[in-house]
Amino acid sequence: MGSKTTLSSFAETLQTISIGQLATALGCDESTIYRWLKDETLQLPRPIQVGKKKVCFIYEEVKEWLYSRPRIICFYNSSLNKIETTETISLASINIDNLIPAYEAVEIMKKHNINISSNAELTAINIKGHLFVDRNRFEYEFLLNHFTANNSKKEKKEDGKVNIKKIIKTTI
């Protein structure tokens with residue numbers, strides 16, 4: 001699915017990340033980060049002054065904050081063409097360095113004309129209505145659900161299991 005600018009790719013030698021870099025890594029606007037900073041209920045770590053006009057976050061603090069966010073179960077609603085959330089809390093781990101906005105996940109599905117069944121669940125981080133999914137977990141679920149539903153497109157190993165790596169290379 002192409003290379004992605006990740007959170008850690010912006011970490012400078014002092015292990016800091018600017019507001020703009022954080023916004024880019026999460027796929028949101030800088031204004032969203034500023035709104036989150038104003039919302040004390042989110043407890044987003046405060047940036048530090050690193051120059052006359054430059055402020056940055058400490059990378060590890062942001063990473064820990066993202067890890068501490070509640071994880072919820074979400075699913076793709078094909079009739080509404082969007083990812084919806086449930087009230088179910090997930091204990092699944094998420095790779096913070098591979099977060100993509102849920103709307104980007106929907107765009108990937110549209111690009112490849114893939115309909116994921118509504119029972120395909122993903123774990124997401126919800127930050128004030130902004131949903132973020134783990135790109136690696138999404139790709140796995142996205143491919144697994146699509147290719148197990150379409151027997152004609154399956155790439156099987158000798159043991160009958162779907163060969164996800166081969167599908168990733170040939171499809172995306």
Side-chain angles (χ1 to χ4, degrees), residues 1-12 14-50 53-111 114 116-145 172:
M1 290 191 186
S3 70
K4 158 108 171 64
T5 304
T6 62
L7 191 62
S8 65
S9 66
F10 287 117
E12 298 172 3
L14 296 175
Q15 296 297 307
T16 60
I17 183 169
S18 73
I19 290 173
Q21 291 169 330
L22 179 60
T24 299
L26 292 178
C28 63
D29 297 325
E30 285 184 41
S31 60
T32 300
I33 303 296
Y34 284 109
R35 266 196 317 277
W36 292 349
L37 279 167
K38 289 179 184 175
D39 187 338
E40 293 180 14
T41 63
L42 289 177
Q43 301 177 341
L44 178 63
R46 295 289 170 225
I48 58 170
Q49 196 79 34
V50 293
K53 295 182 180 181
K54 186 175 181 182
V55 294
C56 289
F57 293 99
I58 296 173
Y59 169 73
E60 285 300 320
E61 288 179 359
V62 171
K63 189 174 165 183
E64 285 178 31
W65 177 74
L66 287 167
Y67 274 122
S68 73
R69 302 300 309 157
R71 289 163 181 75
I72 57 171
I73 300 294
C74 62
F75 63 94
Y76 180 66
N77 183 330
S78 57
S79 62
L80 295 177
N81 195 31
K82 69 176 195 174
I83 293 181
E84 293 194 34
T85 61
T86 67
E87 298 296 317
T88 308
I89 301 297
S90 172
L91 299 176
S93 64
I94 288 184
N95 184 343
I96 298 303
D97 211 30
N98 284 315
L99 292 180
I100 60 171
Y103 72 83
E104 191 175 311
V106 171
E107 291 303 314
I108 291 168
M109 288 185 285
K110 284 183 194 175
K111 178 181 173 186
I114 291 179
I116 294 182
S117 65
S118 58
N119 64 356
E121 296 180 342
L122 292 169
T123 297
I125 293 176
N126 186 351
I127 306 172
K128 288 290 185 181
H130 294 269
L131 293 176
F132 299 94
V133 296
D134 181 336
R135 183 181 189 103
N136 290 344
R137 187 176 295 270
F138 164 73
E139 287 175 354
Y140 174 78
E141 292 294 331
F142 151 82
L143 291 168
L144 182 67
N145 282 285
I172 300 175

What residues form a salt bridge (charged side-chain N to carboxylate O under 4.0 Å, His left out) with Lys53, not counting sequence neighbours?
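Scan of Lys53 (salt bridge (charged side-chain N to carboxylate O under 4.0 Å, His left out), adjacent residues dropped) gives none.
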What's the shortest heavy-atom distance between [X] and [Y], and which atoms?
X: Ile17; Y: Tyr59; answer: CG2-CA, 4.3 Å
X: Ala124; Y: Cys74; answer: CB-SG, 3.7 Å
X: Cys56; Y: Lys54; answer: SG-CE, 3.5 Å
X: Phe57; Y: Pro47; answer: CE2-CD, 3.8 Å

Rounded to the nearest 0.5 Å, how far apart are CG of Asp97 and CG of Asp134?
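Here the rounded value is 10.0 Å.
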Measure the CZ-NE2 distance between Arg69 and His130 for me, rounded to the nearest 0.5 Å.
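Here the interatomic distance stands at 12.0 Å.
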Using the test side chain to side chain contact (heavy atoms under 4.5 Å, CB included), find all partners of Lys38 that sit at least two apart in sequence or belong to another chain.
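Checked Lys38 against side chain to side chain contact (heavy atoms under 4.5 Å, CB included); zero matches.
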Would you find more than 12 non-hydrogen atoms of other residues, nucleotides or ligands less than 6.0 Å from Gln49 atom CD?
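Yes, because the 6.0 Å sphere around CD of Gln49 holds more than 12 heavy atoms from other groups.
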Taking the side chain as everything from C-beta on, heavy atoms only, tell me whether Val55 gets closer than 4.5 Å to Ile19.
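Heavy-atom side-chain distance check passes, below 4.5 Å.
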Is there a side-chain contact between Ile94 and Thr123 (heavy atoms, below 4.5 Å)?
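Yes - at least one pair of side-chain heavy atoms lies under 4.5 Å apart.
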For Trp65, all residues meeting ring pair (Phe, Tyr, Trp, His ring centres under 6.0 Å), sequence neighbours excluded:
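Scan of Trp65 (ring pair (Phe, Tyr, Trp, His ring centres under 6.0 Å), adjacent residues dropped) gives none.
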Please answer whether the main-chain N or O of Asn126 pairs with a side-chain N or O of Arg71 as donor and acceptor at a distance below 3.5 Å.
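Not confirmed, Arg71 side chain does not pair with Asn126 backbone.
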Exactly one of Ile125, Leu99, Ile72, Ile100 should register a side chain to side chain contact (heavy atoms under 4.5 Å, CB included) with Leu131. Which one does?
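With Leu131 as partner, side chain to side chain contact (heavy atoms under 4.5 Å, CB included) holds for just one option, Ile72.
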Out of the candidates Asp39, Ile127, Leu37, only one should pair with Leu44 under the side chain to side chain contact (heavy atoms under 4.5 Å, CB included) rule; please name it.
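Per the side chain to side chain contact (heavy atoms under 4.5 Å, CB included) rule, the option paired with Leu44 is Leu37, out of Asp39, Ile127, Leu37.
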Between Glu61 and Arg46, does any side-chain N to carboxylate O distance fall below 4.0 Å?
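Result for this pair is no, no salt bridge flagged.
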Identify every side-chain donor-acceptor pair in residues 26-33 under 3.5 Å, counting partners at least two apart or on other chains, and give the distances.
from, atom 1, to, atom 2, distance (Å)
Thr32, OG1, Arg35, NH2, 3.2

Are Thr85 and Ile73 close enough, and set up right, to give a side chain to side chain contact (heavy atoms under 4.5 Å, CB included), and what steps lead you there?
CA-CA 6 Å; Thr85 61; Ile73 300 294; over 6 Å; no
Verdict with supporting geometry, Arg135 and Asn95, side chain to side chain contact (heavy atoms under 4.5 Å, CB included)
CA-CA 8 Å; Arg135 183 181 189 103; Asn95 184 343; over 6 Å; no
